[in-house]
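The next block holds one structure in the form of C-alpha cells; read it before the comments.
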Amino acid sequence: MVNFFSSNFKLGILGGGQLGKMMLYETRKYDIKTHVLDPNPEAPSKVACNHFEQGNLMDYETVYTFGKKVDLLTFEIETVNVKALAQLEKEGKKVYPSSKTLEIIQNKGKQKLFYKKHNIPTADFVRFSNKAHLTEGITSNKVKLPFVWKSTQGGYDGKGVSYVKSGADLAKLPDVECIAEEVVDFKNELAVIVVRTPGGEIKTYPVVEMEFHPDANQVEYVICPARIDPKVAQNAIDIAQSVSQVFEHVGILAVEMFQTQDDTILVNEVAPRPHNSGHYSIEASYTNQFEQHIRAILDLPLGATESKLAGIMVNLVGAKGYTGDVIYKNIESIMKMKGVTPHIYGKKQTRPFRKMGHVTIVNEDINEARKIAEKVKNTIQVISKN
Ligand code: ADP
C-alpha cells in the first residue's frame with residue numbers, strides 16, 4: 001500500500017486551468033504533493049500546486065519527461081499528447097484515466113463509433129474525412145439536411161458545432177474531418193457524473209439538468225437534482241454507468257445526454273475528468289467531484305455521492321463587449337444572498353464568454369435556489385476596467 005498522505009508521493013496533473021485548481025484544493029486537504037504542467041505561465045493552478053512547469057501539453061517529449069518525474073499521472077484537459085501517455089503506461093507508470101480512453105474521446109467520430117459498438121444509445125451519425133466527402137454524402141443522400149455538423153477534433157463549449165440547414169451553411173464550414181449527426185428534438189440536456197476505481201467500484205451522482213445560453217451555446221444553469229421523472233432519471237443513471245464500464249474508466253467521467261420528447265435518453269458526449277456540470281458538488285454534495293476523482297485514481301474508498309442540499313451552478317462568463325483586466329461587478333451584492341458561494345478562477349483577463357468563474361447556490365428548496373440563481377445571474381457581471 002502506497003502512502004499518499006504527508007509523504008513524498010507525487011501526483012502529476014496535465015493542465016493547469018480552473019479544474020486543476022479545484023482538484024488541488026482537495027490534494028491540499030489530504031496533503032498530497034502535486035506537479036502541474038501547463039503552457040500558460042499564469043495558469044490558475046499555479047498558486048495551488050507544489051511544483052509548476054510551463055510546457056506544451058501536445059508535445060511528446062514535454063509530456064513524457066513530466067510524466068517520468070511523478071508517481072501517478074492524471075489530466076484536467078483532453079488536449080494532451082496521448083502517445084506520450086501510452087509510452088508511460090508501457091513503462092509501468094499509472095495513468096488515470098487511461099491513454100486508451102482519452103484517444104477515443106479526443107475524436108468525436110471515434111467516440112460515436114465506440115457507443116455504436118457497445119450499444120450505448122446515441123444520435124445517428126455519419127463520419128466524413130473532409131468537406132468534399134461531406135458534400136458528396138449530401139449529394140448522394142447519405143445525409144439529409146438539416147443536420148448537426150461537428151468537427152471530430154478540437155471543439156469545445158459549442159465551438160466546432162454547427163446547425164446546417166442550407167447550402168449556404170455548408171459553404172461556411174471548414175475543411176476538416178467531421179460527423180453529420182441527426183438533429184435531436186430534445187426537451188432537456190442532462191448530465192450524470194460517474195466515478196469508478198481501478199477495481200471497478202462505481203458510483204453515480206444525481207442527474208443534473210442544464211440550461212444553455214441561447215447565443216453562446218454555453219451552460220447557463222446546472223440544476224441538481226434535475227426536475228425530471230424519477231424513471232427517466234434512473235434510466236439516465238443506468239446508461240451513464242454502462243458508459244463508464246465499457247470504457248473501464250478510472251476517475252470521474254461526465255456523461256452528457258439528451259432527453260428526447262418521448263423520454264429516450266441519448267448519450268451526446270463524455271468528458272473523462274471533473275466537469276462543469278459537477279461544480280455544484282463542492283457545496284451541495286457529501287463528497288465533491290474533485291475529491292472523488294482523487295479518491296478514485298488513488299484507489300481509495302469512494303465517498304458518498306448524495307446531495308446534502310439542492311444545488312444550482314451559474315457560470316460566470318465574460319460579458320459581451322468587454323476585453324481586458326477583469327472586474328466582478330456587484331460580487332458583494334450576491335455574497336449577501338443566502339447560500340451563495342462565488343468561485344473565482346484567477347484569470348486576469350476577461351473576454352466575451354470566457355469562463356472566469358462560477359457561483360453555487362444551495363438551498364433546502366430547489367425552487368427557492370432557482371429564484372436566487374436568477375437573481376445572481378442578473379446581478380453579477382464580469383466586465384473589464386476599460
Ligand atoms: P461541445 O463539445 O462543443 O460541447 P456538443 O456536442 O456538446 O459540443 O454540442 C454543443 C451543443 O449543441 C449541445 O449542448 C446541444 O445544445 C447542441 N447539440 C449537439 N448535438 C446536437 C444534436 N444532435 N441535435 C441537437 N442539438 C445538438
Side-chain angles (χ1 to χ4, degrees), residues 15 17-19 76-80 101-102 104-116 120-128 134 137-138 142-165 169-170 172-174 176-193 207-223 226 236 239-240 243 253-279 313 315 317 352-355 358:
Q18 63 265 19
L19 299 172
E76 60 95 71
I77 187 167
E78 283 107 296
T79 44
V80 303
T101 298
L102 187 58
I104 297 166
I105 288 168
Q106 276 184 344
N107 183 299
K108 282 191 180 175
K110 275 193 193 168
Q111 195 183 139
K112 293 279 288 186
L113 287 169
F114 185 79
Y115 299 146
K116 282 270 160 216
I120 304 289
T122 191
D124 280 338
F125 71 101
V126 187
R127 190 181 180 191
F128 296 102
L134 171 66
I138 296 167
K142 250 169 108 185
V143 284
K144 290 192 185 74
L145 297 170
F147 59 82
V148 177
W149 173 93
K150 294 182 183 181
S151 159
T152 56
Q153 283 174 74
Y156 66 97
D157 287 349
K159 295 173 187 86
V161 176
S162 245
Y163 183 71
V164 179
K165 55 184 185 318
D169 293 338
L170 186 66
K172 282 185 238 151
L173 298 175
V176 292
E177 187 190 296
C178 63
I179 57 170
E181 197 174 274
E182 87 178 281
V183 180
V184 177
D185 184 15
F186 57 82
K187 57 179 169 197
N188 265 316
E189 294 198 52
L190 308 173
V192 176
I193 304 267
V207 183
V208 302
E209 159 195 353
M210 295 183 267
E211 272 184 50
F212 278 76
H213 187 286
D215 305 333
N217 242 332
Q218 274 188 339
V219 181
E220 212 166 27
Y221 300 108
V222 172
I223 302 172
I239 290 169
V243 177
L253 184 75
V255 184
E256 293 181 28
M257 293 173 279
F258 298 120
Q259 176 190 5
T260 67
Q261 296 298 341
D262 68 358
D263 286 342
T264 303
I265 297 290
L266 298 173
V267 172
N268 177 29
E269 61 171 355
V270 301
R273 51 168 170 77
H275 189 248
N276 196 257
S277 64
H279 289 352
M313 194 267 321
N315 277 319
V317 300
F353 302 116
R354 186 174 195 201
K355 279 187 186 145
H358 73 262

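All heavy atoms count here, side chains included; hydrogens, waters and symmetry mates do not. All ligand and atom numbering here is 1-based and tracks the order in the structure.
Close contacts of ligand 1 with E182, meaning ligand atoms under 4.0 Å from a residue heavy atom, involve 22 (C), 23 (N), 24 (N). If you number the atoms of ligand 1 from 1 as listed, the ones under 4.0 Å from a heavy atom of E181 come out as 20 (N), 21 (C), 22 (C), 23 (N). Ligand 1 places these atoms under 4.0 Å from at least one heavy atom of K150: 6 (O), 19 (C), 20 (N). Those atoms of ligand 1 that come under 4.0 Å of a heavy atom in E256, given as number and element, are 7 (O). For ligand 1, the atoms lying closer than 4.0 Å to a non-hydrogen atom of N268 are 5 (P), 6 (O), 7 (O). Interface of V183 with ligand 1, defined as ligand atoms under 4.0 Å from a residue heavy atom, comprises 24 (N). Each of the atoms 1 (P), 2 (O), 4 (O), 5 (P), 6 (O), 7 (O), 8 (O) of ligand 1 lies under 4.0 Å from some heavy atom of E269.
In terms of polar-atom proximity, defined here as any N/O pair under 3.5 Å, F258 makes no such contact with ligand 1.
Minimum heavy-atom separation, A123 to E181: CB-CG, 3.8 Å. Annotation for V222 and M210: closest pair CG2-CG, 4.2 Å, computed over non-hydrogen atoms.
Residue E189 holds the heavy atom nearest to atom 14 (O) of ligand 1 of all those in Q111, M210, K108, E189.
Around the NZ atom of K142, the shell of radius 6.0 Å holds no more than 12 heavy atoms that belong to other residues, nucleotides or ligands.
A salt bridge does not link D124 with K112: every distance from a Lys NZ or Arg NE/NH1/NH2 to an Asp or Glu carboxylate oxygen is 4.0 Å or more.
For the ligand labelled ligand 1, residue Y163 lies outside the 4.0 Å heavy-atom shell.
In this structure a side-chain-to-backbone donor-acceptor pair under 3.5 Å is present from Q106 to E78. Side-chain atoms of Q259 never come within 3.5 Å of backbone atoms of L190 as a donor-acceptor pair (strictly under, hydrogens ignored). Put simply, the side chain of T260 never gets that close to the backbone of D185: no donor and acceptor are under 3.5 Å apart.
Of the heavy atoms in V184, both backbone and side-chain atoms come closer than 4.0 Å to ligand 1.
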Could you please spell out the steps behind the side-chain contact (heavy atoms from CB on, under 4.5 Å) verdict for V126 and F147?
-> CA-CA 10 Å; V126 187; F147 59 82; over 6 Å; no
